[in-house]
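Worksheet for the structure shown next.
Numbers for residues simply follow the sequence, beginning at 1. Please read these numbers as outputs of a predicted model, since none were measured by experiment. Order of appearance sets the numbers: ligands from 1, and atoms from 1 within every ligand.
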Amino acid sequence: MRARVLSGMRPTGALHLGHYHGALKNWVRLQHEYDSFFFVADWHALTTHYADREVIERNVYDMVIDWIAAGLDPDLCTLFIQSRLPEHAELFTLLAMGTPTAWLERVPTHKDQIEHLTDRDLATYGFLGYPLLQAADILIYKAAYVPVGEDQDSHVELTREVARRFNHLYGRSPRFEADVAAALAKLPPGQQELLERQRREFGQDGNADALGNGEALIRQNAGRHGFTAEDGEVLLGHLKGTGRAVLHEPQALHTEVTRLPGLDGQKMSKSYGNAIEMREEPAQVEAKIRRMPTDPQRVRRSDAGDPARCTVWQFHKVYSDAATQQWASTGCTTAGIGCLDCKQPVIDAILREQQPWRDRAERYLANPKQVHWIVEMGTERARTVARQTMKDVRDVMGLAY
Ligand code: TRP
Ligand code: SF4
């Protein structure tokens, strides 16, 4: 069975090239290697945009179209919408009971955002809960990896702490010993003794190899006939001496990402007015790049420039091959080319990159039912997993009456 990755995006505006190079391109690659779940985090969007509902409404399906246009293949990955799965809210509520508010207040993004988004009142209960809702999103699918930018690391770390606390509080149900015995009995001959030995060596001597070997042994049995995922969790908890690991601690996945700045050199963002949308009209793209500021010290065509002072150069680094980069940098420092000459290969490359997106999106824009259907399928697939987790969670919390 392939490990699961899960990630989400907030539908607060049309996706732009920064989203593509910073995240989406990576998702497209991951879908081939992992059991991939990607979702529209519409509730998360509401934590900041609770007063502009039409923004979110307009962008939900548009964002899914952007995803598919970029190459996410609904046959390879599971695409869904957070708010269609009330199970996320249920887990969020249950986790909220035992999560200290101090854990949420000290998440760095919390203070940062309140300071930066001064035009919004973010002293809300929902906004404080943002990272805990994210923890629920991740834990409900028992995701192994969460592909996110480094700015989200603290949220994944909180998710791990929340899972640990949950397993500690509820993993040792009265049934646990019986579950362990039943799961041990399902191991092939000889493995039961082996696992018990590894458990002793880890528990008494803290032998990390024994832990690793025990985990490997449990993993080997995963998917074997009659040995359920629950059996695996029970034995894992038994091995570690923690009780059943109902919720799994995920890891952030930092794969190589390309940072594409906005047209003015700041972070690309729709709200800064420095973005190029993924499916922006070619004429617009061309006009925007042509207007883009260059090295401020290169005032006249005859002045030599320095690419290090120019955002167009950052675009060359993402979009141009070595020969074109060489041409641009030499032309700039010798005043051999003008800035509009320099920009042309970038314009061409962006338009070339966008063409397949526009083509793919067109089919779905003409047939919105098909997009709805894709999301419907994904939502049902996600629901099967989310329901099972909630059943386990209610069970160990003593809510199964
Ligand atoms: N907070 C993420 C962002 O701003 C979006 C998100 C919500 C998310 N839930 C998630 C990402 C779960 C990964 C996993 O980009
Ligand atoms: Fe920037 Fe190119 Fe102009 Fe140099 S020639 S300042 S790199 S746009």
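Gln152 OE1, 3.3 Å is the protein heavy atom nearest to atom 2 (C) of ligand 1. Shortest contact from atom 1 (N) of ligand 1 to any protein heavy atom: Tyr130 OH, 2.7 Å. Of the protein's non-hydrogen atoms, Asp137 OD2, 2.7 Å is the one closest to atom 9 (N) of ligand 1. Among protein heavy atoms, atom 7 (C) of ligand 1 sits closest to His44 ND1, 3.3 Å. Atom 8 (S) of ligand 2 has its closest protein heavy atom at Thr294 CG2, 3.5 Å. In terms of protein heavy-atom proximity, atom 2 (Fe) of ligand 2 is nearest to Cys342 SG, 2.4 Å. Scanning all protein heavy atoms for the shortest distance to atom 6 (C) of ligand 1 gives Gly8 O, 3.9 Å.
Close approach of ligand 2 to Asp295 (heavy-atom distance below 4.0 Å) involves ligand atoms 6 (S). Close approach of ligand 1 to Val148 is summarised as follows: ligand atoms under 4.0 Å from at least one heavy atom of the residue are 11 (C), 13 (C). In the vicinity of Phe39, heavy-atom distances shorter than 4.0 Å reach the ligand 1 atoms 9 (N), 10 (C), 12 (C). Atoms of ligand 1 found under 4.0 Å from any heavy atom of Val146, numbered from 1 in the order shown, are 13 (C), 14 (C).
In this structure, the side chains of Met63 and Arg10 stay at 4.5 Å or more apart for every pair of heavy atoms. Side-chain contact between Arg2 and Glu33 is absent, with no heavy-atom pair separated by less than 4.5 Å. At least one side-chain heavy atom of Trp327 sits under 4.5 Å from a side-chain heavy atom of Ile337. For the pair Phe166 and Glu161, the minimum side-chain heavy-atom distance is 4.5 Å or more. Counting heavy atoms from C-beta on, the side chains of Asp153 and Glu157 never come closer than 4.5 Å. His110 places a side-chain heavy atom less than 4.5 Å from the side chain of Phe127. Side-chain contact between Val5 and Val146 is absent, with no heavy atoms from C-beta onward closer than 4.5 Å.
Using modelled atom types, one finds a donor on one side chain and an acceptor on the other under 3.5 Å when comparing Gln134 with Gln152. For the residue pair Thr12/His49, the side-chain donor-acceptor check at 3.5 Å is not satisfied.
Taking any N or O of Ser7, backbone or side chain, none lies under 3.5 Å from an N or O belonging to ligand 1.
Among the backbone and side-chain atoms of Cys332, no N/O/S atom is found under 2.8 Å from atom 2 (Fe) of ligand 2. With a cut-off of 2.8 Å, atom 1 (Fe) of ligand 2 has an N, O or S atom of Cys310 in range. For atom 3 (Fe) of ligand 2, the N/O/S atoms of Cys339 include one lying under 2.8 Å.
Within the 4.0 Å heavy-atom criterion, the part of Val312 lying near ligand 2 is the side chain and not the backbone. Residue-level proximity to ligand 1 for Gln82 is absent, since no heavy atom of it falls below 4.0 angstrom.
For the ligand labelled ligand 2, residue Arg298 lies inside the 4.0 Å heavy-atom shell. Gly305 does not count as a contact of ligand 2, since none of its heavy atoms falls under 4.0 Å from the ligand.
Aromatic rings of Tyr141 and His88 (six-membered ring for Trp) have centroids within the 6.0 Å cut-off, being under it.
Trp67 and Phe38 have perpendicular rings, their planes meeting at more than 60° on a 0 to 90° scale where under 30° would count as parallel.
Compare Met9, His88, Gln134, Arg10 by their heavy atoms: the one nearest to atom 10 (C) of ligand 1 is in Gln134.
Counting all heavy atoms, side chain and backbone alike, Met268 lies closest to Phe315 at CE-CZ, 4.3 Å.
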